[in-house]
Undergrad: 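Sharing a structure here in structure tokens format.
This structure is a prediction, so every number in the text was calculated from the model and none was measured. Naming convention: chains lettered A, B, ... in sequence-line order (proteins, then strands); numbering from 1 in each chain. These values consider heavy atoms only, across backbone and side chains, with no hydrogens, waters or symmetry-generated copies.
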Amino acid sequence: MGGMRAVETPEALPSPDLLAERLLPWFDAYNRTELPWRRPGTTAWGVLVSEVMSQQTQVARVAPVWEAWMARWPAPADLADAPTADVLREWGRMGYPRRALRLQECARIVATEHGGVVPSDPAELERLPGIGVYTAAAIAVFHYGGRHAVVDTNVRRVVARFGGRSDAGTATTRTDLADAESLLPPDAPTAARVSLALMELGALVCTARKPECGACPVSDACGFSGQEVPAGPSRKRQKYKGTNRHVRGEVMALLREAEGPVGRDRIDAVWPDARMLDEAVSQLIAEGLIGTDEAGRFELPSQ
DNA sequence: GAACCGTGGAT
DNA sequence: TATCCAAGGTT
């Protein structure tokens, strides 16, 4: 930032009225294929499960897992009683398996402390493990019909571009939430559709790398319309290959696919660096993602 | 605030 | 083939 340069005036965001008037007809026309958890009759628990599964995993990959999961464990009490090994295997290759552990913790808390009823208040939802600001709002809005801003990565990007920036910052800020809130109409059901439509706009049109401003229903009210996204990563990217996460992933994959407990020799075969492997295995044990039997062999945790 | 936590689809 | 990044959350 040049110290002497005049501070750029932030672009004004679209008014709630204009946004709803443009966005909702577009949403009705271009909505993606129905996601299974949007079917009428989906329970609050089903919505919660879908949102946790969708944290950093594409919804297209989530859908089949969600179907099998909900058929097997329809209610919190069902998941609460399941062997954790089964839970981790059903989670499969969606990534970040700690989410599966936290989801089972959620199930146990909802079953025992909330009488099996998923809370509807975002602050209450945020007390549950693995439920942050976005997921709490999503459940409160998309299932319970509350009026709250639902700010995921798509909404943050869309709002940033409305304001003339190419992308949002690295972390969700109060400003992001306030900006998204300022876009919502007063009517809760309409606000919910606007939030969903903003997410969809970000996923289909106002994409990270190549926004299609020509296909955007709000382009004339957008401060970034027609501009190119600067080349290169918009934020710092994490490596995966060769890192601790990679090792953890290999160990978890081995144990998910194994028939029974596996010996140290088979663990050692998944990674050449013994130090890295020891560290990863220790972490996984400490986090409850794997366990050991009485013979010292490794397996997914029974509970 | 920054680093960390998996895996695969899209380009 | 390599890189980007995805309905984020926690530490």
Undergrad: So which nucleotide from B:dT7, B:dC5, B:dA3 ends up closest to the side chain of A:Lys236?
TA: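 Nearest to the side-chain atoms of A:Lys236, counting from C-beta on, is B:dA3.
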Undergrad: Is A:Arg157 close enough to C:dA6 that one of its side-chain N or O atoms is under 4.0 Å from OP1 or OP2 there?
TA: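 Yes, because at least one side-chain N or O of A:Arg157 sits under 4.0 Å from OP1 or OP2 of C:dA6.
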Undergrad: Between the base of B:dC5 and the side chain of A:Gln238, is there any donor-acceptor pair under 3.5 Å?
TA: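 Per atom types, the contact qualifies.
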Undergrad: Indicate whether OP1 or OP2 belonging to C:dG8 is found under 4.0 Å from a side-chain N or O atom of A:Gln56.
TA: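 For A:Gln56, the contact criterion (side-chain N or O under 4.0 Å from OP1 or OP2 of C:dG8) is met.
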Undergrad: A:Leu125 has an atom CG; how far is it from atom P of C:dT10, in whole Å?
TA: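 Answer to the nearest Å: 12 Å.
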Undergrad: If I compare all heavy atoms of A:Ala20 with all of A:Val194, which pair ends up nearest, and what's the gap?
TA: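 So the two residues come closest at CB-CG2, 4.1 Å.
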Undergrad: Regarding A:Glu67 and A:Arg39, does a basic nitrogen lie under 4.0 Å from an acidic carboxylate oxygen?
TA: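 So A:Glu67 pairs with A:Arg39 through a salt bridge.
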Undergrad: Taking for each residue the nucleotide of DNA chain B with the nearest heavy atom, is it A:Ala253 or A:Lys210 whose nucleotide lies nearer the 5' end?
TA: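 Per heavy-atom nearest nucleotide, the more 5' residue is A:Ala253.
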Undergrad: Give one of base, sugar-phosphate or nothing for A:Arg174, where a contact means two heavy atoms less than 4.0 Å apart.
TA: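 Counting heavy atoms under 4.0 Å across all strands, no contact is made by A:Arg174.
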Undergrad: Taking any heavy-atom pair under 4.0 Å as a contact, classify A:Val133: base, sugar-phosphate, or nothing.
TA: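 Touches sugar-phosphate only.
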Undergrad: Measuring to OP1 and OP2 of C:dG9, would you say a side-chain N or O of A:Arg98 lies under 4.0 angstrom away?
TA: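 A:Arg98 to C:dG9 OP1/OP2: no side-chain N or O under 4.0 Å.
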Undergrad: Given that A:Leu196 and A:Gly130 both sit by DNA chain C, which one's nearest nucleotide is further toward the 5' end?
TA: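 Result of the comparison: A:Leu196.
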Undergrad: Determine whether a donor-acceptor pair (one donor, one acceptor, N or O, separation below 3.5 Å) exists between the side chain of A:Arg61 and the base of C:dA7.
TA: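 No such pair is found, so the answer is no.
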Undergrad: Atom CZ of A:Arg156 and atom P of C:dC5: how far apart are they, to the nearest Å?
TA: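 For the pair A:Arg156 CZ and C:dC5 P, the rounded distance is 13 Å.
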Undergrad: Using a heavy-atom cut-off of 4.0 Å across all strands, would you classify A:Thr153 as base, sugar-phosphate, or nothing?
TA: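 Counting heavy atoms under 4.0 Å across all strands, the contact made by A:Thr153 is with sugar-phosphate only.
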Undergrad: Given atom CD1 of A:Ile139 and atom P of C:dG8, what is their separation to the nearest angstrom?
TA: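 To the nearest whole Å, that distance equals 13 Å.
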Undergrad: Give me the distance, rounded to whole Å, that separates C:dT11 from B:dG6 when you measure between the P atoms they each carry.
TA: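 14 Å, rounded to whole Å.
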Undergrad: Between B:dA2 and A:Thr170, is there an OP1 or OP2 to side-chain N/O distance shorter than 4.0 Å?
TA: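 For B:dA2, OP1 or OP2 has a side-chain N or O of A:Thr170 closer than 4.0 Å.
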Undergrad: Can a salt bridge be assigned to the pair A:Arg157 and A:Asp167 using a cut-off of 4.0 Å between side-chain N and carboxylate O?
TA: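 Answer for the salt bridge query: no.
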Undergrad: Ignoring the backbone of A:Arg209, work out which of C:dT3, B:dC4, B:dG8 is nearest its side chain.
TA: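 Output: C:dT3.
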Undergrad: Should A:Asp86 and A:Arg72 count as an ion pair when the cut-off is N to O under 4.0 Å?
TA: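 Answer for the salt bridge query: yes.
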Undergrad: What is the distance, rounded to the nearest whole Å, between atom CD of A:Gln58 and atom P of C:dG8?
TA: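 Value for this atom pair: 10 Å.
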Undergrad: Considering all heavy atoms of both residues, which atom of A:Ala44 and which atom of A:Tyr144 are nearest to each other, and what is their separation?
TA: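 So the two residues come closest at CB-OH, 3.4 Å.
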Undergrad: Which listed nucleotide (B:dC5, C:dA7, B:dG8) is nearest to the side chain of A:Arg245?
TA: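 Within the option list, the nearest is B:dC5.
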Undergrad: Counting the atoms with a prime plus P, OP1 and OP2 as sugar-phosphate, which does A:Ala138 contact under 4.0 Å by heavy atoms, base, sugar-phosphate, or nothing?
TA: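 No contact.
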Undergrad: OP1 or OP2 of C:dT3 versus the side-chain N and O atoms of A:Arg237: is any pair under 4.0 Å?
TA: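 False: A:Arg237 side-chain N/O out of range (4.0 Å or more) of C:dT3 OP1/OP2.
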Undergrad: Taking the nucleotide of DNA chain B with the nearest heavy atom to each, does A:Thr173 or A:Gln283 sit closer to the 5' end?
TA: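 Result of the comparison: A:Thr173.
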Undergrad: Using OP1 and OP2 only, check whether a side-chain N or O of A:Tyr96 sits under 4.0 Å from C:dG8.
TA: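 It does not, given that no N or O in the side chain of A:Tyr96 lies less than 4.0 Å from OP1 or OP2 of C:dG8.
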Undergrad: Whether A:Arg22 and A:Asp220 form a salt bridge (side-chain N of Lys/Arg under 4.0 Å from carboxylate O of Asp/Glu) is what I want to check.
TA: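 Yes.
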Undergrad: Checking only heavy atoms, does the side chain of A:Thr135 share a donor-acceptor pair with the base of C:dG9 at less than 3.5 Å?
TA: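 No, the side chain and the base share no sub-3.5 Å donor-acceptor pair.
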Undergrad: Check this one for me: any side-chain N or O of A:Asn244 less than 4.0 Å away from OP1 or OP2 of B:dC5?
TA: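 So the side-chain polar atoms of A:Asn244 do come within 4.0 Å of the phosphate oxygens OP1 or OP2 of B:dC5, strictly under.
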Undergrad: Rounded to the nearest angstrom, tell me the gap between atom CE in A:Met53 and atom P in C:dG8.
TA: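 Taking atom P of C:dG8 as the reference, CE of A:Met53 is at 15 Å.
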Undergrad: How many whole angstroms separate atom NZ of A:Lys239 from atom P of C:dC5?
TA: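 Distance, rounded to whole Å: 13 Å.
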Undergrad: Please measure how far the P atom in B:dC4 lies from the corresponding atom in C:dA7, and state the result in whole Å.
TA: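 After rounding to an integer number of Å, I get 24 Å for this pair.
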Undergrad: For A:Trp91, which contact category applies under a 4.0 Å heavy-atom criterion: base, sugar-phosphate, or nothing?
TA: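 Touches nothing.
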Undergrad: Need one value for A:Gly95: base, sugar-phosphate or nothing, where a base atom within 4.0 Å counts as base even if backbone is also close, heavy atoms only.
TA: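 Base: the residue A:Gly95, judged by heavy atoms under 4.0 Å, touches a nucleobase.
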Undergrad: Salt bridge between A:Asp268 and A:Arg264, side-chain N to carboxylate O under 4.0 Å?
TA: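 Yes, charged N to carboxylate O under 4.0 Å.
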Undergrad: Measure CG/A:Asp176 against C1'/B:dG1 and give the value in whole Å, please.
TA: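 In whole Å, B:dG1 C1' and A:Asp176 CG are 14 Å from each other.
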Undergrad: In whole angstrom, what separates A:Glu287's CD from C:dG9's P?
TA: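 Distance, rounded to whole Å: 18 Å.
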